[in-house]
> 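So that we are looking at the same thing, I have put the structure below in structure tokens.
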Amino acid sequence: MSRPGIALRREARWLVLHRGARTLSKRYARKGMPLERMLFEPGARDDPYPLYEEIRARGRIVASGAIANATVDHAIISGALRDSASFSVNFGESSETPRAVRWLFRPPDPNIASVVEAPALLGVDPPTHTRYRRLVSKPFTPRALQRVTDRVEERAVELLDGLSGRNHADIVREYSNLLPVAVIAEVLGVPADMRDQFLAWGHAAAPVLDVGLTHREYREVNRALKAMNEWFAAHFANLRRNPGEDILSQLVNADPEDRLNDLELRATAMLLLGAGFETTVNLLGSGVAVIAADDKVRTRLAAEPELWEQAVEELLRLESPVQMTGRLTISDTEIDGVEIPRGTPLLCLLGGANRDPAVFDNPNVFDLDRPNSRDHLALSAGIHYCLGANLARMEGQLGLRLLFERYPDLAVVPGSGRRRDLQSLRGYESLRVDLDRS
Ligand code: HEM
């Protein structure tokens, strides 16, 4: 496609998918529609939970004015995520997407890979998805991750040592942002000294998951994606000449029948890198806030460190780092007695499903004794179930345990938490803590 053609599509996409959606949504938000209020009302990003309850009160699947049908129903979301025969993630290719909209959903520049659209794992259906997933799963199995555990611990201790002698710290900027990016860089074998650059690109690209971006945010997203594409293209050229033992070297130099093309390689690597830290940072940041707020919880965790596993499941449930995902029905289907016609775009509000009172008693409470915390959908379900789930859990458990062991009296400075201004990801931009309030 010609340069002017790409520029035209990029602008058309912004006009319809972002500016149009934003304008229309604001109109519906003023009429009180809860989904649009949740996405666009100031303050809703700090606390979307009352709006999830409004959606729940309106029905199991709620037709929204401007965006999609939305649901916070655990059974429906769980069923939709597990039924990849009826629910697609590939909005840009599906015949159920109206033709004009399909054009808009395809990446504007066919040479620039994104992290959510085909050919990224998150944007492809079987059989393509099955093939990609098989190629990248190996480093994320529990057995492969055993080797990474010591490195996670070393990195966490290094970062905590860097805070010694300090009374206060921004725990997000100085700890929870830095640990996951160092770990995923190591798992993927990309240079650790690129850490700050990866963080900057990851943060600039994170709104790619959201709707209604301003033109400036949209430009920043595209700029960051382009820069990551260029960096990975050069990195792959290097790995072709000097392969290492890492997963990216294996992908680049795979047997011809397994080999991904350049665009597929970049999409895969960028998703692994981005998903590897943009989500886990939020688990750690929210974890600090929730646990520091409850003296009983932290006393129990100090006395019974084996409870950190349960603590992380409760954190994933209560403050889900990924609050939503989307699917499109490609055939008429029925879940738990609810009929869903083909061609229905469905916004699955994971953060709401994880507080569904039909599944979780007292869902708004952090409970170390909850018997079914692990039934949360924070890491999705079905074929797109988070590839990094084992790594995320391990980083969450180790990262938080080591922090609270070093600073058992850590307290959040009241009013200091600033949330990230995002719809899909939930976490802190910054959070000041008093490291030793005693
Ligand atoms: C607390 C941390 C994390 C959370 C909450 C999380 C959440 C999720 C969710 C909800 C999905 C599926 C979205 C959907 O079904 O539409 C997903 C997919 C994915 N995650 Fe994670 N994630 C986390 C950490 C990680 C880490 C550390 C990695 C490391 C590589 C990772 C890699 C991926 C990949 C590659 C996919 C796509 C899987 C596929 O489409 O088959 N995630 N994650």
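In each ligand, atom 1 is the first atom listed, and ligand 1 is the first ligand listed.
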> What is the nearest protein non-hydrogen atom to atom 40 (O) of ligand 1, stated with its residue, atom name and distance?
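Protein heavy atom at minimum distance: His384 ND1, 2.7 Å.
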> Evaluating non-hydrogen atoms only, which member of Val136, Leu122, Ile247 is closest to atom 37 (C) of ligand 1?
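The option holding the nearest heavy atom is Leu122.
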> With sequence neighbours excluded, what pairs up with Asp262 under the side chain to side chain donor-acceptor pair (under 3.5 Å) test?
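Asp262: side chain to side chain donor-acceptor pair (under 3.5 Å) contacts with Arg240.
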> Looking at ligand 1, does Tyr132 have a heavy atom less than 4.0 Å from it?
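Contact check Tyr132 vs ligand 1: negative.
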> Within a reach of under 6.0 Å around CD of Glu306, are more than 12 heavy atoms found that belong to other residues, nucleotides or ligands?
yes
> For Arg37 and Ala29, work out which heavy atoms get closest and say how close.
CG-O, 3.5 Å
> Here's a test for you: under side chain to side chain contact (heavy atoms under 4.5 Å, CB included), which of Leu251, Leu239, Leu188 qualifies with Asp246?
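Between Asp246 and the candidates, side chain to side chain contact (heavy atoms under 4.5 Å, CB included) is satisfied uniquely by Leu239.
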> Side chain, backbone, both or neither: which part of Ile383 has a heavy atom under 4.0 Å from ligand 1?
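The backbone, only.
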> Specify the protein heavy atom at minimum distance from atom 10 (C) of ligand 1: its residue, its atom name, and the distance to 0.1 Å.
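In this structure, atom 10 (C) of ligand 1 has Ala378 O, 3.3 Å as its nearest protein heavy atom.
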> Tell me the protein heavy atom at minimum distance from atom 16 (O) of ligand 1, and give that distance in Å.
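Protein heavy atom with the smallest distance to atom 16 (O) of ligand 1: Thr325 OG1, 2.5 Å.
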> For a distance under 2.8 Å, give residue and atom name for each protein N, O or S atom next to atom 21 (Fe) of ligand 1.
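Metal shell, protein only: Cys386 SG.
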> Give the residue and atom name of whichever protein heavy atom lies nearest to atom 38 (C) of ligand 1, and the separation in Å to one decimal.
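Protein heavy atom at minimum distance: Arg133 NH1, 3.3 Å.
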